[in-house]
Amino acid sequence: MATTSKPPGFLRCHSLHRISLRFGEPDPGSVLAASPSKVLRADVELNFTVDRITINRHGSALLLEGSNGLRVMYLYGRSSSKDSAVICRTVSVGSELYFNANNAIRTLKVSWHPYSDTHLGILSSDSVFRLYDLSSALEQPEQEYYLQPVGRGRSRNASSICPVDFCFGGDHLWDRFSVFVLFSDGAVYILCPVVPFGSVYKWESVLEIYSDAQTFGLKAGSSKAVSNANLAISWLEATFPELARQAAEGGNQPALKAHPYALFDASVSLQGPLHKVYHGNEEDSVLKISECDGRAVGFLYKAVSKDSILVTAWSSGQLQIDALADEIQPVWILGNQPRLSVDSHDRIIGVAMICETHTNDHSVLTLEQSTDHNIWLGHSPPLLRLGIVDLALPGKTETGSVISMFVDPLIPERIYSVHDGGVDSVVLHFLPFTNQKNGIEDDMRAPTVQSVLSTCQVESSGSPLCGFVALSDSFGCSWIVGITSGFECIVVGMESWNLLLPTANIDKGNNFESLEGDIKTGDSTIISKELLAGPKVVIVPPNSPNPVAADSIEGRSTLHQYFKLFHENYVEYAHKVYFELKHHGPQLKKIIDEQHARLREAQQKLAKVEGKQEQLEDRIDHAIQTHGLLEERLLKLRNLPGIHKKPLSKAEREFKMELDRFRGLELDALRTTIEAINGRITRISSSPQGKRPNQRRQLAGRRKGNAEDDEISHLKSAIEKLSIVNSENTKKVKLVDSALRNRESIS
């Protein structure tokens, strides 16, 4: 939830209330709120006013933002109960840089990154965009981009170099690696690519842009396009090392993790300012298009199917709505070396670079012009103007109106604008690429605006609304929730089923003078336009200066003229109405019968759904029971004695493998050798020593016996040494085995 002003008493209690809402039970339009609310309290004192609260994508941390401080509160983790409140760990981010008493740098916009739960993007008044990784360093930024929107040697003014707001890109091609920056003069710039270290992206999304660069970039006719495509491919392969191997092997893994990487001889280009593109018949009237007044104060990006929508809020109370007319491509400026910070293992832990603009052709383009020859040439995508919405805000101050914008989570074509006058709903009816994809040939329709909540009658020194958030429930309904300065919660259900249906425009200014005009016939025409326009205007004859009697000749002539005009207009119109209704009676009956048939079909489908509801409830109950059984089995498995054993390290595993090899091979060989020697000794000692028939044989036998005795003595000594070695090795193996068993039992 984003807050626009501080509710009274916030600094006194230092607490945050979490309210659980339940929609659609027991009735589809009912709303139930948990009471009392859950209180979350920071474990450190907050010495600043909290102006804005946002939550990361997984709901694990809150961002508390103020003009004099920036804190992150972790909702899950180490917490203790105190005074019926939950004490949450709270840390400070960038306090030395942004909130130092001797430093004039202030934060302009702080936002969570959509593809990381631990990365914050901060745009500051010194025209620097920084990315902080809360998991590694709270005071040192991971990435720094120094924005230079005006090239060297060019004239500049204050509004062209003062940033105002930024937005991260959405889930569309290179948009997910882009950062959109808005300056106070309304100019929009793009940084691409910008990826937090360790962020996670879908495999299909990264593979799509990787294949696009190889298919269209490397096969382009321009050498510049091929060079830009090679840079993009090398960046993708270095940032996602598994990409090239998986793409070559045809693998399919769910997600890819971004590794720290930056080009050593190039910096990311600041693409822009984005120029306008018009329809073919609007090129001559470019200078007649009215621009918004005042200065830019807010910015919103939203990806709607195939379109990227950019909404700029102006201090005059106007919303400028544009769409990207081309795809974003990554652009680097060669020769502008970044500054890298590495650790002791030469791994990148920080990047800082100066982002300058490059020369672009800012000539007026049309949608009918082909952009195939401009692909991968480093040109920034143009903007197609969808419309300008005037919110007609009451009582504009000297500094202008503060406008916050939010996207409907259920209908991406709807945008909520929150301001001092209340809440307005803006609906987009024309999306160029989405309509072209769906085969819809529709003219460019302007967006429509509708007031949802008005606070003009509320007398308050500040903004009546302190917070706003748009929600969607499981029943497909959209809701908005607002918090007032009087600690009241407002919940409004938004109608959505017929929001994007085309509306019929009836031109009441056309006058149909005769029945012989062009009348469209067919099933869609029930009553002709002439009858809907009504009878002709009766022209009263001029009054005579002298009154005449009714029975005189002049009076009778005047009455006759009156009757003639009445007959020509009203009586003939009544006959035409009667003829039309009589002629279209069978057609109306046919339409009514078709509606009744559709109604009966819908009732039959509802009856089938009601019949299947019991089966669905039984299946849901069975699934819940199965889920409970699986949880019980999982708990039992977790309680097994060997499930919590700490795995061995790499060195321990290698040492154990060496011991196993030594015990399995060398000890067996020693035992085999000892057994063979023992067998030989037994055979030699058991052989008989008989007398020799003559002295020569006795002398030979004595020499042979002496030699055998020497050999036996040598063998015995060798056996004793081997036995000693064997016993020592056996003791060592037993000692290592006992140590491993003790370690496994302890872990």
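Note that the numbering runs from 1 along the sequence shown for the chain.
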Of the non-hydrogen atoms in [X] and [Y], which two are nearest, and what is the gap between them?
X: Leu386; Y: Pro432; value: CD2-CD, 4.2 Å
X: Pro381; Y: Gln271; value: CD-OE1, 4.1 Å
X: Asp117; Y: Trp112; value: O-CZ3, 3.3 Å
X: Glu413; Y: Leu431; value: CG-CD1, 3.9 Å
X: Ile348; Y: Pro260; value: O-CB, 3.4 Å

Anything under 30° is parallel, anything over 60° is perpendicular, the rest tilted; go ahead and classify Phe177 against Trp235.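 Rings of Phe177 and Trp235: perpendicular, as their planes differ by over 60°.
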Within-4.5 Å side-chain heavy-atom neighbours: [X] and [Y]:
X: Trp376; Y: Pro330; value: yes
X: Arg71; Y: Val93; value: no
X: Ser111; Y: Phe166; value: yes
X: Glu65; Y: Lys109; value: no
X: Val311; Y: Tyr301; value: no

Would you say the side-chain atoms of [X] and [Y] include a donor-acceptor pair closer than 3.5 Å?
X: Tyr146; Y: Asp126; answer: no
X: Tyr132; Y: Arg130; answer: no
X: Tyr145; Y: Gln143; answer: yes
X: His119; Y: Ser116; answer: yes
X: Ser67; Y: Arg106; answer: no
X: Asn230; Y: Ser234; answer: no
X: Gln329; Y: His379; answer: no

